[in-house]
Amino acid sequence: NTPTQADEKEKLVHVKYRSDAIKLYAKKRAKGYCEGCGNKAPFETKSGPYLEVHHLTRLSDGGADCPENVIALCPTCHRRAHYAVDSVTFNNKLICKAKDIEASVA
């Protein structure tokens, strides 16, 4: 079945698989540094530097689950992107950064 023809459980499994792959890509691309502030990840985990992957346009708002729409952030920058007074401005800066990062990777 394609994702649009899948039942709800199949859709959930498909989306989770895609999200995990994109999250791993974003974290690897960041090389242990926050792509927002440029600081080193705050600590190491068993699987590597701790960074959180932020969707620049939420999937629920129609954002794509692709490298250009995600950025690896330290917890502080991730919370800023969601909750700060300047969250819209900050997120717009992150969108530009993600485009630049992907352009340099390609």
J.: Could you list the donor-acceptor pairs under 3.5 angstrom formed by side chains in residues 92-100, with sequence neighbours left out?
T.:
residue : atom : partner : partner atom : Å
Asn92   : ND2  : Val88   : O            : 3.3
Lys97   : NZ   : Gly36   : O            : 2.3

J.: Does Ile101 belong to the same Ile/Leu/Val/Met/Phe/Trp/Tyr cluster as Tyr25, with side-chain heavy atoms less than 4.5 Å apart forming each link?
T.: yes
J.: I'd like to check the side chain to side chain contact (heavy atoms under 4.5 Å, CB included) partners of Thr76; sequence neighbours left out, ordered by chain and number.
T.: Cys74
J.: Suppose the criterion is salt bridge (Lys or Arg N to Asp or Glu O under 4.0 Å): which pairs have a residue in residues 25-35, not counting sequence neighbours?
T.: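 Non-adjacent pairs meeting salt bridge (Lys or Arg N to Asp or Glu O under 4.0 Å): Arg29-Glu35, Arg29-Glu102.
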J.: Which atoms form the tightest heavy-atom contact between Pro67 and Ile22, and what is the distance?
T.: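 Smallest heavy-atom distance, with atoms named: CD-CD1, 3.9 Å.
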J.: What heavy-atom pair brings Gly32 and Leu51 nearest, and what distance separates the two atoms?
T.: C-CD1, 4.1 Å
J.: For Val70 and Ala26, work out which heavy atoms get closest and say how close.
T.: CG2-CB, 3.9 Å
J.: Tell me which pairs pass ring-ring contact (aromatic ring centres under 6.0 Å, His included) where either residue lies in residues 58-79, with sequence neighbours left out.
T.: His54-His78, His78-His82
J.: What pairs meet the salt bridge (Lys or Arg N to Asp or Glu O under 4.0 Å) rule with one or both residues in residues 36-52, with sequence neighbours excluded?
T.: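 For residues 36-52, and leaving out neighbouring residues, the salt bridge (Lys or Arg N to Asp or Glu O under 4.0 Å) pairs sorted by first residue read Glu52-Arg79.
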J.: State, to 0.1 Å, how close Asn69 and Ala64 come at their nearest heavy-atom pair, and which atoms those are.
T.: ND2-O, 2.7 Å
J.: Tell me every residue that passes ring pair (Phe, Tyr, Trp, His ring centres under 6.0 Å) with Phe43, counting only those two or more places apart in sequence or in another chain.
T.: Tyr50
J.: Nearest 0.5 Å please: distance from the OG1 atom of Thr57 over to the CG atom of Asp65.
T.: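 Result: 12.0 Å between the selected atoms.
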J.: Mind checking the CG-SG spacing from Leu73 to Cys37? Nearest 0.5 Å is all I need.
T.: 8.0 Å
J.: Can you name the side chain to side chain donor-acceptor pair (under 3.5 Å) partners of Ser47, sequence neighbours left out?
T.: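 Testing Ser47 for side chain to side chain donor-acceptor pair (under 3.5 Å), a comparison that skips the adjacent residues, returns Thr45.
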J.: With side-chain contact (heavy atoms from CB on, under 4.5 Å) as the criterion, how do Asp86 and Arg80 come out once you've worked through the C-alpha distance, each side chain's angles and the decisive distance to 0.1 Å?
T.: CA-CA 8 Å; Asp86 72 340; Arg80 181 179 176 190; 2.5 Å; yes
J.: Would you list the pairs meeting ring-ring contact (aromatic ring centres under 6.0 Å, His included) in which at least one residue belongs to residues 85-105, sequence neighbours left out?
T.: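 Non-adjacent pairs meeting ring-ring contact (aromatic ring centres under 6.0 Å, His included): zero.
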